[in-house]
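Here's the structure we're looking at; comments come further down.
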Number of protein chains: 2
Amino acid sequence: MHEQLTKFITDRIQLSEADLQQVLSCFHLLIAKKNEIIGRTGELSRRMFFVNKGCLRVYYIKPDGREATRRFAFENSFSTSLTSFIDGTLLKEDTQTVESSELLYIHREDFYSLLNTIPSWEKFYRGFLEQAYIINTSRLEDFITLNPRERYQLLLKENPEMVLRLPNKLIANYLNITQEALSRIKSGS
Amino acid sequence: MHEQLTKFITDRIQLSEADLQQVLSCFHLLIAKKNEIIGRTGELSRRMFFVNKGCLRVYYIKPDGREATRRFAFENSFSTSLTSFIDGTLLKEDTQTVESSELLYIHREDFYSLLNTIPSWEKFYRGFLEQAYIINTSRLEDFITLNPRERYQLLLKENPEMVLRLPNKLIANYLNITQEALSRIKSGS
DNA sequence: CTGATTATTTGATCCGGATCAATAATATAG
DNA sequence: CTATATTATTGATCCGGATCAAATAATCAG
C-alpha cells in the first residue's frame with residue numbers, strides 16, 4: 001500500500017529505515033469514490049494527500065457559484081491547499097476526486113512535527129515547496145502571457161495525457177474558458 | 001547599509017552573531033538608476049536581490065515583444081526569478097528597476113552554500129519559499145476568479161500604496177489589461 | 001438493456017476589453 | 001524654463017470569447 005509513496009520519498013531524500021517507517025506510519029489510507037469532496041472551502045486545512053491511484057481536482061468557488069480549477073493531481077503526486085496548509089488559515093478552495101481514487105493522507109500536525117524530528121524531512125519539504133512554486137508560477141505565466149487557444153495548445157504539447165484523460169468540461173475550466181470555446185478551439189475554427 | 005536586511009533576517013530566524021555576520025558578508029551593494037535591467041531573459045540566474053530602497057519589476061516578454069508583469073518588489077522584500085534560481089535554468093523573465101534603487105544581492109552559489117553551513121538558513125529559505133508560494137498562488141487565484149475591474153478593486157483595497165506609487169501604465173500591465181482599460185475603470189465608466 | 005442524466009457540438013448574438021487614433025497632461029532632459 | 005518625450009485620457013471601432021439555445025452524443029444508474 002505504501003510502495004509508491006516510499007519510492008516518491010526515497011527518490012528525493014535519504015532516510016534511515018527507522019525514519020522511513022516513522023514517516024510512513026503518519027500516512028493513512030483513504031478510498032474515495034468519484035466526485036467526492038475531500039476538502040471544502042471554509043474548513044480548516046487538515047490533510048495533505050498523496051495520490052496512489054485516481055485524480056484530484058482543486059478549485060476555487062467564485063461568488064456566483066462557478067468554479068475555477070487551480071490544479072489537477074494524478075498518480076504519484078502530492079496535493080493540498082498549500083496556502084492554508086502553511087499558515088493554518090481556512091481553506092479557500094475545494095478538493096474533489098475526479099475519478100475513484102486511492103489516497104494516502106497525512107495530518108498537518110504530523111507533517112510539521114516530522115520537520116522537527118526527522119532532519120531530512122526539512123529537505124523533503126523544501127523540495128516540495130520548490131516544485132509547488134515552480135508549477136504555480138508557470139501556470140501564472142501562462143495566464144498572463146497566453147490567450148485561450150495558446151494555453152490549450154501548450155497544454156496539449158506538455159501534458160497530452162491530461163487532455164485525453166479528463167472530460168473537456170474540466171479541461172476548459174482548467175484553461176479558464178467555457179467548454180463551448182474549447183470545443184471550437186479543438187475543431188480549429 | 002545592512003540594517004534593514006539584518007532586521008528582515010532576525011525577525012524570521014535566530015542566528016548567532018557570527019552566523020549573522022557570515023550571512024551578511026555574502027550580500028553586496030548595488031546602486032541602480034531608474035529603468036536599469038538587472039536580470040535579463042536568457043541569462044543565467046545568478047543573484048537574489050533585497051530591496052533597501054526603490055522598486056523592482058519582474059516581467060515576462062511575450063513573443064510579440066510585449067511585457068507581462070509578474071511582480072513588483074518594494075523596500076524590505078526579496079526578489080528573484082525563483083523558478084530559475086532554484087534549478088539553475090536560464091531566466092524566463094527580466095528584472096528592472098522601476099525607480100532608482102539601492103539593492104543588496106547575494107550570489108546563487110553563496111545562497112545555497114549557506115544552506116549547508118548555517119542550519120537555520122534552511123528555515124529562512126523555507127519561510128521564503130512559503131511566502132513566495134502564497135503570493136504567486138494568490139495572484140493566480142485573482143486571474144482565474146476575477147475580471148479586470150475586480151482585480152483593480154482588489155488591488156486598490158489590499159495594496160493602495162502600490163497604486164499610488166506606480167504609474168498607471170505599470171499597474172495596468174500588472175493587472176494584465178491595457179492602460180486605456182484601466183483609465184476607464186478608474187473613471188468608473 | 002434502457003431511460004435519464006450529463007457532456008459535447010454547433011449556431012446566433014452579445015459584450016468587455018483590445019485596438020487604433022487623437023488630444024491633453026506630466027515628467028524629464030538639457 | 002523650455003522643448004521633447006512619455007503617460008493619461010477619451011472616443012470610435014473591432015474582435016475573441018461568453019452567453020444563450022438547441023440538437024446530438026456519450027455515460028451512468030437501475
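Here the structure is a predicted model, which means the values were calculated and not measured.
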Checklist line | Residue met sooner reading DNA chain C from 5', once K34(B) and P148(B) are mapped to nucleotides | finding: P148(B)
Check: Are D64(B) and R66(B) ion-paired here, with the side-chain N under 4.0 Å from a carboxylate O?
Finding: yes
Checklist line | Distance, nearest 0.5 Å, that separates CZ of R40(B) from CD1 of I61(B) | finding: 8.0 Å
Note to self: Need to verify one output field. Residue with the more 5' nearest nucleotide on DNA chain C, L182(A) or L182(B)?
What the structure shows: L182(A)
Margin query: In whole Å, I'd like the distance from the CG atom of L166(B) to the C1' atom of dT6(D).
Written below: 16 Å
Item checked: Qualifying ring-ring contact (aromatic ring centres under 6.0 Å, His included) pairs with a residue from residues 133-174 of chain A, counting only residues at least two apart or across chains -> F72(A)-Y174(A)
Checklist line | Residues E130(B) and R12(B) bridged, charged N to O under 4.0 Å | finding: no
Item checked: Presence of salt bridge, E99(B) and K53(B), under 4.0 angstrom -> no
Next item on the list: Measure from the side-chain N and O atoms of R57(A) to the backbone N and O of Q96(A), and report whether any donor-acceptor pair falls under 3.5 Å.
Entry: no
Next item on the list: Would you grab the first and last nucleotide of DNA chain C (5' to 3') that comes under 4.0 Å of any non-hydrogen atom in chain A?
Entry: dA7(C) to dA12(C)
Next item on the list: Return the residues of residues 170-181 of chain B meeting this criterion: a heavy atom under 4.0 Å from some atom of DNA chain C. Order them by number, or give none.
Entry: N176(B), I177(B), T178(B), E180(B), A181(B)
Checklist line | Centroid-centroid distance, F111(A) to Y105(A), less than 6.0 Å | finding: no
Next item on the list: Hey, can you tell me if F128(B) and F78(B) have their rings parallel, tilted or perpendicular (30° and 60° cut-offs)?
Entry: perpendicular
